[in-house]
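Only this structure's heavy atoms are used, side chains among them; waters, hydrogens and symmetry mates stay out.
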2 protein chains.
Amino acid sequence: MVTIADVAKKAGVSKGTVSSVFSKKRPISVEVTERVLNVAKELNYVPNHAARSLAMKKNMIIGLKMPTLDTELSSFDLKVINGVVKKCTESGYRVLLDRVYENEESAIFSRDPVDGVILLNPKEEDPRIVQYKQLNLPFVLIGRPDQEDTYTKFVDNNNTEIVKEVGEFLIENGHQDILFLNASYGMTVAEDRMEGLKRAYENFGLPFKEENVVYNNQEKYKCASDYGFNSLLDTFHVKKYTAIIADTDRVALGVLRAARELGINIPSDLSLIALSNNETLALETTPKLTSIELFPEKLGEEAAEILINVLNDQLAPRQKIIPAKLVIRDSCRKPSLTR
Amino acid sequence: MVTIADVAKKAGVSKGTVSSVFSKKRPISVEVTERVLNVAKELNYVPNHAARSLAMKKNMIIGLKMPTLDTELSSFDLKVINGVVKKCTESGYRVLLDRVYENEESAIFSRDPVDGVILLNPKEEDPRIVQYKQLNLPFVLIGRPDQEDTYTKFVDNNNTEIVKEVGEFLIENGHQDILFLNASYGMTVAEDRMEGLKRAYENFGLPFKEENVVYNNQEKYKCASDYGFNSLLDTFHVKKYTAIIADTDRVALGVLRAARELGINIPSDLSLIALSNNETLALETTPKLTSIELFPEKLGEEAAEILINVLNDQLAPRQKIIPAKLVIRDSCRKPSLTR
DNA sequence: AGAATTCATAAAACCGGTTTAATAATTGAG
DNA sequence: CTCAATTATTAAACCGGTTTTATGAATTCT
């Protein structure tokens, strides 16, 4: 491996001079600069990252902590990654992807070679958050922190508001028996969304029934589609819902599949709305899915931007809410037909 | 920041001793070990990654070079990532995710803090390969290298064989006018697959028509589905194909959409096979897609395993071929109906 | 018992950069 | 023309670990 000392020697200057030529942090005469650059090129010199990190106390890497290895990454996660990588690349940062097993002893053999961290899928009282606070490592959440935590910076969708909007949309169109296929129990996002639906009912002075909210069980259903499929199959003979809100498009696909099997027509017999994490999929189904567009890429970008600002001692907001968007397509009974 | 010197001082021992306590590379008495560990815990000491990397000349990080930032990551890519991360985590390595702009000056400001690299989506005469060879950095390809390159290690699907199998399957079922919606022109995978279809025709003594192979144009079609959709729409009035091989499930979804619009029945009027990159999707369509399962996660795992073996000076095969699998579902005319 | 060996630990050198303090060369002001 | 101020460069210190070499104490061998 060719080092800065090799370059310095061959160019007849000191290490410090070579360093300055590359970093441009102090003026070096044109002739010396040129000589050094030529030698460096000739020797195929590339600075050693570890040495530089050590000296500068900066890694120029940010960590992206994904959900556990047990569950598969969703296309929502994928787009978040996309956004993070994009923003980081622009700012000269690299991304270290990490996935942790759920019940892993958070055995830290060495501090991650990162300057800051972006955390996905926070749980209530997430132990990782405690850890990073203790380590004094800057971090940003995607999702929201615990209610009483007023310190942690985060980026999130307006989950409560958007589900409230969905609920009101359905209620306005004559639905009252709405089945909500929610995310897994205990996730902050599931709580927030449930709260949104509740508010929609309250806003119309209607009673909200908690038993109409179901939570995903990742152990029971190996893929999201089955969650939708089985949920409709199981409840169909017990109670007739007129509308279903599905946690993801995949779940909605499962509902569609079950509906076909049961001879239920969507949208005339049953309305369906997906909290989309994969917008393009909603266009491929028959009928096309009315859905909520979530902008996961934007989530990733904003989280990265906040973190990078923090790392550079620049001002950054404590939170950023990305508004979701209700896109009406063909899987809900049209208002015009109901009046 | 707490350093190893702080721990050493407080515990009344030397830096080297503390180092040995953690690395266990030389024997330390029980009492000293205990004292050091207690102090370390008390001070909240975590070793500095950069310093360790510098001293050991090992980063314990491998780089994953993704396709350009311009195009979106596919779920195929996602699963590859999954596989790589999984295997690396098991072996104590971390993954640095990198995406490069297509026409970027490969400006290397500093050597990546990685011990080796996994390269995705190689092109013919890929400049990145030249670069890594020159840098003398171990790397493994996912996809195949140029034909004359007998040095580069790689992991790949049996693209030629599997498309040959698909072609023969269709021909046996009475199809001769087969439209192949291939990947982008210039990718090794597109070449290999085309070759496979050609061999299928040759094997049956039938003439193979190159004009029946179409290549994706990422600039023209913003999403893969449109590639399938427009291709069927455009060719339908010109030439009647009896079967279509689609590059991905998304492309197949587009074909299905176009077929519905044109009133073409699948499979009775037109057979459809997808080279799947997202197996679960094939089950959600009506009819369920006959498809090729590709095991991208396995691809990632194997690539990581080879690379890690190389990094540890262990034997590793130069290539590993992951056989794909033809899964027959409902989107092809059944043999029984054709005879 | 005295020399040889083993063992636990300390001290110092090293990894490859950056940065600070010191020095030599150049310019400017009086 | 001299002395101070500025500029370009070097030498040395430093970042926080690991590893090699040295050292003193304990153990084993004749």
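Taken to the nearest 0.5 Å, the CG atom of B/Asp77 stands 12.0 Å off from the NZ atom of B/Lys79. To the nearest 0.5 Å, atoms CG (A/Leu137) and CG (A/Leu311) are separated by 8.5 Å.
In A/Glu42, the CD atom is crowded: over 12 heavy atoms of neighbouring residues, nucleotides or ligands sit closer than 6.0 Å.
Atom CG in A/Asp6 sits roughly 9 Å away from atom P in C/dG16 (whole-Å rounding). Here C/dT20 presents its P atom at 8 Å from CZ of A/Arg26, a figure rounded to the nearest Å. In this structure, CE of B/Met60 is placed 17 Å from P of D/dG17, rounded to the nearest angstrom. B/Leu54 has its CG atom 12 Å from the P atom of C/dT18, to the nearest Å. Counting to the nearest Å, the P atom of D/dG17 and the NE2 atom of B/His49 are 12 Å from each other. To the nearest angstrom, P of C/dC15 lies 14 Å from CD1 of A/Ile4. Between the NZ atom of B/Lys9 and the P atom of D/dG16 there is a distance of 14 Å, rounded to whole Å. Atoms CG (B/Asp112) and P (C/dG16) sit 18 Å apart, rounded to a whole Å.
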- Task: Dump the intermediate steps for side chain to side chain contact (heavy atoms under 4.5 Å, CB included) on A/Leu119 and A/Tyr132, then the final yes or no.
- Result: CA-CA 10 Å; A/Leu119 269 179; A/Tyr132 287 119; 4.1 Å; yes
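Taking the side chain of A/Ser29 as heavy atoms from C-beta on, and the options C/dA10, D/dT9, D/dG16, the nearest nucleotide is D/dT9. In this structure, of C/dG16, D/dT18, C/dT9, it is D/dT18 that holds the atom nearest to the side chain of B/Lys15. Taking the side chain of A/Ile28 as heavy atoms from C-beta on, and the options D/dG16, C/dG16, D/dT9, the nearest nucleotide is D/dT9. Of the candidates C/dA8, C/dG17, D/dG17, C/dG17 carries the atom nearest the A/Pro47 side chain, counting heavy atoms from C-beta on. For B/Arg52, taking side-chain heavy atoms from C-beta onward, the closest of the listed nucleotides D/dT18, C/dA10, C/dG17 is D/dT18.
Here B/Thr3 lies in heavy-atom contact (under 4.0 Å) with sugar-phosphate atoms only. A/Val32 comes within contact range of the sugar-phosphate backbone alone, with a heavy-atom separation under 4.0 Å but no base atom that close. Contact annotation for B/Lys25: backbone-only contact, meaning every heavy-atom pair under 4.0 Å involves sugar-phosphate atoms and none involves a base. Heavy atoms of A/Val18 sit nowhere under 4.0 angstrom from any nucleic acid atom.
The backbone N or O of B/Lys58 lies less than 3.5 Å from no partner atom in the side chain of B/Asp115, so there is not a single donor-acceptor pair.
Mapping B/Ala50 and A/Ser14 onto DNA chain D via the closest heavy atom, the residue that lands nearer the 5' end is A/Ser14.
OP1 or OP2 of D/dC14 has not a single side-chain nitrogen or oxygen of A/Lys57 nearer than 4.0 Å. Side-chain nitrogen and oxygen atoms of A/Ser19 include none within less than 4.0 Å of the OP1 or OP2 phosphate oxygen of C/dG17.
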